Amino acid sequence: MKKKFFVTTPVYYVNAKPHIGHAYTSVAADVLARFHKLQGDEVFFLMGTDEHGLKIQKKAEESGKDPQQFVDEISAGFKQLWDKLDIKYDNFIRTTDPKHKRAVQKVLQILFDKGAIYKGEYEGLYCVGCEQFKNEGDLVNGRCPDHDTDCEIVKEESYLLKMNELQEELVQKIEKDEFCIRPEKYKKEILSFLKGEKLKDVSISRKNVKWGIPLPFDAEHTTYVWFDAFLSYLTGLGWNGDILRLSLRKSLRKNKGLALEKLEFWPADVQLIGKDILRVHTTIWPIVLMQLGIEFPKLLFTHGHLLSGGRKMSKTIGNVIGIDEMLEKFGTDGTRYLLMSAGTFGEDVDVTMERLTEKYNADLANGIGNLVSRVIRLAQNFQFSIFNFQSIYNDSIFKNIEKFEFEKAMGYIWKIIRENDKFVEENKPWELQKNDEKKFQEVMQKLVSDLYLISDILMPFMPETSKKIKKALETKEATVLFPRIK
RNA sequence: AGCGGGGUAGAGCAGUCCGGUAGCUCGGGUGGCUCAUAACCACCAGGUCGUGGGUUCAAAUCCCACCCCCGCAACCA
C-alpha cells in the first residue's frame with residue numbers, strides 16, 4: 001500500500017526578497033519530497049508565502065506601491081527562485097488568497113464562539129514616532145533606535161487567544177513525542193521554556209494595521225500575521241475552515257474505497273523550519289490546533305542557520321552570501337549540493353564563498369564530474385546497455401535521509417566516487433583494453449554499474465545531474481558536468 | 001541574571017548519548033599515473049581534544065568548577 005507523505009516549508013514572509021536561508025529550507029524539503037516520490041509514496045509538498053502585516057504595509061508604502069502589488073511582486077520572486085533551484089512543489093499557498101482568508105475568518109469565528117478568543121488588552125512598549133509597538137529586543141537602552149525616543153507602556157484593545165489552559169497538555173504531548181520536535185536539543189530547549197514560565201495569552205489582532213484579514217466579529221481589527229500564516233498549512237491543502245471536513249472524509253474513504261483527497265494529507269509528516277521560528281511553531285501553532293481539535297503535525301524538524309565566517313549573515317557586517325550569486329557561480333545542482341552537504345543539517349553551518357568554491361571544485365568538478373568524464377571516455381570502447389542495470393537503493397543512505405542527515409548521505413555517495421577513482425587507478429583499463437579484453441569488460445562493467453547507481457542515489461539531491469549522467473551513459477558522449485572554477 | 005548550543009591538526013567539521021590505540025574533507029609536502037575537467041592514486045608532516053580538578057585499569061567521551069564564543073530572552077511573522 002502506498003504511504004502518504006506531506007511535507008511543508010514555512011510560509012515565507014514577503015517583506016523582502018528571498019535569501020539563502022529560504023533556499024536552504026526549501027531545497028531540503030524538495031530533497032525529502034523527491035526521495036519519498038522515488039520510494040513510491042504519495043507525496044504532497046506545500047510551500048507558500050505569508051503576505052500580511054504591518055511590516056509589509058510599511059514596506060509597500062516606502063516603495064510607493066499598493067500592498068497587494070507589492071506582495072504580488074515579492075511572492076513571484078520567491079516562485080522564480082524555486083524554479084531556479086529546481087524545486088517541485090505541489091502547491092504554493094499565498095495568505096492573500098481569498099479562499100485562505102475566508103477559512104481564517106471561519107476559524108476565528110469558531111474560536112471566538114467557543115471562548116478561546118476573547119476581547120482584552122494588549123500591553124506593550126509603544127514608540128510614538130513609529131506609531132507601533134516595539135519589542136524589548138528592538139530597543140537600544142530602552143529607547144527606539146529609529147527615533148531615539150523613550151518608549152512608553154501603552155495598552156490597546158485587542159483580542160487574545162487563550163494559551164495557558166492548554167499549556168500542561170502541550171508539554172505532555174511534546175514530552176511523549178506526540179508532537180515530535182527534532183533534533184532532540186530543540187525539544188529540550190522548548191520544554192525547558194514551557195515548563196519554566198506560564199504562557200501569556202497571545203494577542204491575535206491588531207487595531208493599527210490595515211493590511212490584514214479583518215476579524216469577522218470586529219471589523220476594526222485585523223488578524224495578527226502568525227495566526228493567519230499558520231493556518232495556511234491547512235488551507236494549502238484546500239481546507240475551507242470547516243472542522244468536520246477534516247475528520248469525516250477519512251472514514252468515508254475507508255468504507256467506500258475513495259481516493260486520497262488532498263485534505264487527508266493532514267497531519268503533516270514533516271514540517272521543516274529554521275530555528276528562528278521554533279518558538280512560535282511550538283506555542284501558538286499547536287495551541288491553535290488544540291483549540292480547534294485538529295491533529296498535530298507528526299514531526300517538526302528544526303534546522304540551524306547558515307552562518308558566514310562564523311557570524312550571522314548581516315548587511316551591516318557585509319558577510320551576506322547571496323543565493324543568486326551562488327546559483328550563478330555553481331549552477332542549480334551545484335548550489336543544491338553545496339547547501340545540502342555544507343554541514344550537519346540541524347546544526348548551524350558556517351559557510352564562506354571561498355570554502356564553497358573549494359568544495360565545488362573538490363567534490364563536483366574533480367569528484368563526480370571528473371569520474372563521469374573518465375568513465376564515459378573509457379566506456380566508448382565497451383558495449384553495454386544501461387537498461388540492464390538495476391539500482392539497489394542503499395540502506396544506509398535511506399536511513400540517513402529519513403533522519404535528515406543529508407550531509408551523511410552525500411558523504412556516502414562521495415565515498416563510492418572515491419572508491420571508483422581508486423578502482424580505475426588500480427586496474428588501468430586503458431592498458432587492459434590493449435592486452436586483456438576479458439578483464440577490461442569486467443572492470444568496465446563495474447565502473448558503469450556504479451556510475452548508474454550513483455546517478456540513481458543522486459536523484460533527490462541533484463535531479464538534473466542525475467539525468468545527465470544517465471544520458472551520458474546512453475550516448476557515451478563526453479560531458480563536462482561541473483566546469484572547474486578559476 | 002536565566003535558557004540552549006559550541007570550544008578536537010593551518011581551515012571547516014565528525015566522534016561525546018552506549019569511556020578502550022584521535023577520524024573525515026580541504027589546504028601543505030614527496031612520489032606515481034596519463035583514461036579524465038593540470039583532474040586521479042599512494043605515502044608523509046601536522047592535534048597536551050578550552051582550562052583546572054575528580055571517578056576509573058582506561059576519559060575528547062562520565063562528574064564538578066572556571067574561562068571564552070554564539071544564539072534565544074515570545075507576539076521581530
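It should be emphasised that the depicted structure is a prediction, and the values quoted were computed from it without experimental measurement. Reminder, nothing fancy here: chain letters follow the sequence lines and each chain counts from 1. Note that these values count all heavy atoms, side chains included, but never hydrogens, waters or copies made by symmetry.
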Residue pair A:Asp50 / A:Tyr12, side-chain donor-acceptor N/O under 3.5 Å
no

Could you tell me if A:Arg206 sits above the aromatic ring of A:Tyr122, with its cationic atom closer than 6.0 Å to the ring centre and no more than 45 degrees from the axis?
yes

With a 3.5 Å distance limit and no angle check, can you tell me whether A:Thr352 reaches the backbone of A:Ser308 through a side-chain donor-acceptor pair?
no

With rounding to whole Å, what would you report as the distance between B:G23 and B:U48 at their P atoms?
15 Å

Using the C1' atom in both, what is the distance from B:A65 to B:G46, to the nearest Å?
32 Å

NA contact type, A:Ile204, heavy-atom cut-off 4.0 Å: base, sugar-phosphate, or nothing?
nothing

I'd like to know if the side chain of A:Gln271 and the backbone of A:Thr8 have a donor-acceptor N/O pair within less than 3.5 Å.
no

Over how many whole Å does the gap from A:Glu425 atom CD to B:C41 atom C1' extend?
4 Å

For a quick check of understanding: with a heavy-atom distance under 4.0 Å over all strands, which category does A:Val202 fall into, base, sugar-phosphate or nothing?
base

Determine whether a donor-acceptor pair (N or O, by modelled atom type, separation under 3.5 Å) exists between the side chain of A:Thr335 and the backbone of A:Met326.
yes

If we ignore angles and hydrogens, is there a donor and acceptor under 3.5 Å between the side chains of A:Thr357 and A:Lys329?
yes

Roughly how far apart, to the nearest Å, are B:G15 and B:G6 at atom C1'?
15 Å

Counting any heavy atom closer than 4.0 Å, what does A:Ser192 reach on the DNA or RNA strands: base, sugar-phosphate only, or nothing?
sugar-phosphate

Establish, yes or no, whether the cationic atom of A:Lys55 lies under 6.0 Å from the six-membered ring centre of A:Tyr13 and within 45° of the ring axis.
no

Nucleotide opposite B:U48 in a Watson-Crick or G-U pair, distances under 3.5 Å
none

Which nucleotide, in any strand shown, forms a Watson-Crick or G-U wobble pair with B:C26, with both distances under 3.5 Å?
B:G10

Judged by each residue's nearest nucleotide on RNA chain B, which is more toward the 5′ side, A:Ala342 or A:Val424?
A:Ala342

Length of the NZ-C1' vector between A:Lys359 and B:G27, whole Å:
14 Å

What is the distance, rounded to the nearest whole Å, between atom CD1 of A:Ile417 and atom P of B:C26?
12 Å

Touch check for A:Lys188, heavy atoms < 4.0 angstrom, all strands: base, sugar-phosphate only, or nothing?
sugar-phosphate

Report yes if a side-chain nitrogen or oxygen of A:Lys422 is closer than 4.0 Å to either non-bridging phosphate oxygen (OP1 or OP2) of B:A42; otherwise report no.
yes

Interatomic distance where CZ belongs to A:Phe482 and C1' belongs to B:A39 [whole Å]:
15 Å

Pairwise C1' distance for B:A9 and B:C67, with rounding to whole Å:
23 Å

Span that lies between the P atom of B:G27 and that of B:C40, in whole angstrom:
8 Å

At under 4.0 Å, does any side-chain N or O of A:Arg484 touch on OP1 or OP2 of B:A39?
yes

Please determine if A:Lys275 forms a cation-pi arrangement with A:Tyr186, meaning its NZ or CZ atom is less than 6.0 Å from the six-membered ring centre and no more than 45° off the ring axis.
no

Once you apply the 3.5 Å cut-off to both distances, tell me the Watson-Crick or G-U wobble partner of B:G31, or none.
B:C41

A:Tyr186 OH - B:G6 P separation (whole Å):
10 Å

For B:C24 and B:A14, measure between their P atoms and round to the nearest Å.
16 Å

Using a 4.0 Å heavy-atom cut-off across all strands, classify A:Thr344 as base, sugar-phosphate, or nothing.
sugar-phosphate

Expressed in whole Å, how much space separates the P atoms belonging to B:C44 and B:C35?
28 Å

Rounded off to whole Å, could you give me the CD1-to-P distance for the A:Ile376 and B:C35 pair?
17 Å

Donor-acceptor pairs are to be reported for all side-chain atoms of residues 401-408 of chain A against protein atoms at under 3.5 Å, with residues two or more places apart or in another chain.
from     : atom 1 : to       : atom 2 : distance (Å)
A:Glu405 : OE1    : A:Asn400 : ND2    : 3.0
A:Glu407 : OE1    : A:Phe345 : N      : 3.2

Of B:U34, B:A11, B:U37, the nucleotide closest to the side chain of A:Glu431 is B:U34

Measure all distances between protein nitrogen or oxygen atoms and nitrogen or oxygen atoms of nucleotides 67-73 of chain B, and list the pairs falling under 3.5 Å.
from  : atom 1 : to       : atom 2 : distance (Å)
B:C72 : OP1    : A:Lys312 : NZ     : 3.2

If you only use heavy atoms from C-beta on, which nucleotide in B:G5, B:A39, B:U37 is closest to the side chain of A:Glu347?
B:G5

Strand partner of B:C18, provided both Watson-Crick or wobble distances fall under 3.5 Å
none

Looking across every strand, which nucleic acid part, if any, lies under 4.0 Å from A:Gly369 by heavy atom: base, sugar-phosphate, or nothing?
base

Send over the distance from A:Arg182 CZ to B:C17 P, rounded to a whole Å.
18 Å

By the 4.0 Å heavy-atom rule, please label A:Asp421 as base, sugar-phosphate, or nothing.
sugar-phosphate

When all nucleic acid strands are considered with a 4.0 Å heavy-atom cut-off, which category describes A:Lys198: base, sugar-phosphate, or nothing?
base

Sugar-phosphate only, base, or nothing, as touched by A:Leu371 at under 4.0 Å among non-hydrogen atoms
nothing

Does A:Ala362 reach a base, just sugar-phosphate, or nothing at all? Heavy atoms under 4.0 Å.
sugar-phosphate

Rounded distance in Å between the P positions of B:G20 and B:C49:
16 Å

Would one find a side-chain N or O of A:Lys415 under 4.0 angstrom from OP1 or OP2 of B:U25?
no

Closest-nucleotide mapping onto RNA chain B: is A:Asp50 or A:Lys434 further toward the 5' terminus? I mean the 5' end.
A:Lys434

Atom CH2 of A:Trp414 and atom P of B:G12: how far apart are they, to the nearest Å?
23 Å

In terms of side-chain heavy atoms of A:Lys200, which of B:G5, B:A74, B:C76 is nearest?
B:A74

Donor-acceptor pair between A:Asp228 and A:Thr223 side chains, under 3.5 angstrom:
no

